[in-house]
Amino acid sequence: MRLALINRTGGLEFLEDHIRAACPGARLEYWPSDAAREAEVAICWDPPDGTLADMPNLRLVHSIGAGVDRILADPTLPDVPVCRIRDDDLAVAMGEYCHWATLWFHRGLDAVTRNATAGHWHRFEQRPASQVPVCVLGLGDTGRHVACRLRDAGYPVRGWSRSPHDIPGVLCHAGPGALPLAIADAQVLICLLPLTPDTTGILGHATLSALPPGAAIVLCSRGEHLDRAAVVTLLRSGHLRGAVLDVFPQEPLPADDPLWHEPGVLVTPHMSALAKPRRIVAQIAENLRRLDRGDPLLNRVDRARGY
Ligand code: NDP
Ligand code: OXD
């Protein structure tokens with residue numbers, strides 16, 4: 001079987017040795033090339049629009065990540081299955097990151113770090129976790145794990161999803177009408193939604209200004225979820241306490257982007273949960289075997305739903 005590694009900016013070489021080891025019979029090609037165009041399977045992160053439509057033998061598009069937004073955004077995407085990565089380790093890593101980010105605000109480490117750079121000793125009032133409600137947007141593989149971890153750490157946790165969920169100890173809300181209720185008392189709002197037409201810009205002025213004064217946001221999903229102008233306005237007005245941002249519409253975030261220096265914003269380099277190459281490739285290899293045998297593929301995305 002011929003496989004093509006496709007990414008707008010290249011950089012998928014880190015998968016090559018793992019693919020050669022896990023798929024010994026496969027021929028691996030790099031896009032852009034005529035040989036890649038002939039491939040039956042496209043292994044992608046951010047394929048340029050039209051690339052997949054120009055592959056006459058294409059039978060499967062496999063994301064190398066949990067998200068498939070960059071793949072589904074191509075209006076010419078051919079009618080073939082699209083699969084993604086689902087990995088327990090990814091959820092665990094996201095749990096660590098979101099727990100840390102919650103503590104960063106809850107224990108006032110954002111303010112303490114600012115004071116420390118000025119050699120200023122000041123002890124802020126400390127609240128127990130039980131007084132810091134957290135809302136997790138998205139209760140899928142990562143969101144559910146994050147919600148349970150924060151619940152176990154003593155935070156009152158609210159969750160929001162498209163369909164109803166029942167998670168013991170988490171107050172779950174579903175559907176667009178329930179968003180205001182889900183976030184009403186959130187001191188920390190964590191976004192773990194997939195990027196779809198329904199969720200693009202969801203963290204805009206209306207949502208962010210509906211948070212209680214002094215709330216903070218943690219964005220680990222996609223940069224396009226956030227209205228950047230709205231967050232800067234609400235940080236400067238003091239309505240928002242801070243924002244930990246891990247994802248951006250343009251990555252890497254350019255070194256001269258003012259967001260790096262915006263008071264209250266902490267930028268991290270899309271690192272909240274990174275799947276190990278070996279784990280990514282094991283899932284792709286399993287789906288190649290299934291494709292060969294005509295068996296149902298794992299982790300297939302619902303293209304109509306957008307995730
Ligand atoms: P899942 O597909 O497992 O879960 C998505 C969740 O979002 C589901 O609970 C779903 O609801 C909910 N959802 C989707 N659309 C809506 C909507 N319109 N309104 C309310 N809820 C909605 O995704 P994952 O948890 O695996 O990943 C989420 C995203 O996180 C990825 O798409 C990716 O963008 C990002 N990510 C970022 C990483 C990083 O390192 N920064 C690492 C991994 C993921 P329902 O349950 O009802 O279907
Ligand atoms: C993913 C990501 O989607 O890392 O896996 O953002």
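Numbers for residues simply follow the sequence, beginning at 1. No hydrogens, no waters, no symmetry mates; every other heavy atom, side chains included, goes into these values.
Note on ring orientation: taking the six-membered ring where Trp is involved, the planes of His122 and His120 are parallel (angle under 30°, cut-offs 30° and 60°).
Judged purely by distance below 3.5 Å, without hydrogens or angles, the side chains of His106 and Thr102 never pair a donor atom with an acceptor atom. Checked by atom type, the side-chain pair Gln187/Tyr155 shows no donor-acceptor distance below 3.5 Å. Between the side chains of Asp198 and Thr196, no donor N or O sits under 3.5 Å from an acceptor N or O. Using modelled atom types, one finds no donor on one side chain facing an acceptor on the other under 3.5 Å when comparing His205 with Asp227. In this model, a donor atom of one side chain and an acceptor atom of the other lie less than 3.5 Å apart for Tyr307 and Arg162.
Once rounded to the nearest 0.5 Å, the distance linking NE2 of His261 with CG of Asp256 reads 9.0 Å. His225 NE2 to Cys220 SG: the interatomic distance, rounded to the nearest 0.5 Å, is 11.5 Å. Annotation: the span from Ile71 atom CD1 to Arg303 atom CZ amounts to 10.0 Å, rounded to 0.5 Å. Rounding to the nearest 0.5 Å places CG of Leu90 at 9.5 Å from CZ of Arg279. To the nearest 0.5 Å, atoms CG (Leu3) and CG (Leu5) are separated by 7.5 Å.
For the side-chain contact (heavy atoms from CB on, under 4.5 Å) with Leu193, the qualifying choice from Thr199, Leu203, Thr200 is Thr199, the only one to do so. Tested against Trp160, the residues Leu137, Leu171, Leu181, Leu189 include a single side-chain contact (heavy atoms from CB on, under 4.5 Å) partner, Leu137.
Between Arg37 and Glu29 there is no salt bridge, since none of the side-chain N atoms of the basic residue sits less than 4.0 Å from a carboxylate O of the acidic one. Under the 4.0 Å criterion applied to side-chain N and carboxylate O atoms, Arg84 and Asp141 are assigned as salt-bridge partners. The residues Asp89 and Lys276 are annotated as not salt-bridged, no charged nitrogen and carboxylate oxygen being separated by less than 4.0 angstrom. Salt-bridge formation is not detected for the pair Arg27/Glu38: no Lys NZ or Arg NE/NH1/NH2 atom is positioned less than 4.0 Å from an Asp or Glu carboxylate oxygen. Between Arg59 and Glu40 there is a salt bridge, since a side-chain N of the basic residue sits under 4.0 Å from a carboxylate O of the acidic one. A salt bridge links Asp257 with Arg228; the closest basic N to acidic carboxylate O contact falls under 4.0 Å.
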Exercise for review: Could you give me the CA-CA distance, side-chain angles and deciding distance for Asn299 and Gln283, then say whether side-chain contact (heavy atoms from CB on, under 4.5 Å) is met?
Suggested key: CA-CA 9 Å; Asn299 309 329; Gln283 293 191 23; 3.2 Å; yes
Practice item. Start with the C-alpha distance between Cys135 and Ile190, add both sets of side-chain angles, then the distance that settles side-chain contact (heavy atoms from CB on, under 4.5 Å), and finish with yes or no. Key: CA-CA 6 Å; Cys135 177; Ile190 299 173; over 6 Å; no
Point to revise | Residue pair Arg149, Glu96: steps toward the side-chain contact (heavy atoms from CB on, under 4.5 Å) verdict | key: CA-CA 9 Å; Arg149 179 169 177 146; Glu96 290 168 354; 3.4 Å; yes
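For an aromatic pair to be called close, the ring centres must be under 6.0 Å apart, and His270 with Phe248 fails this.
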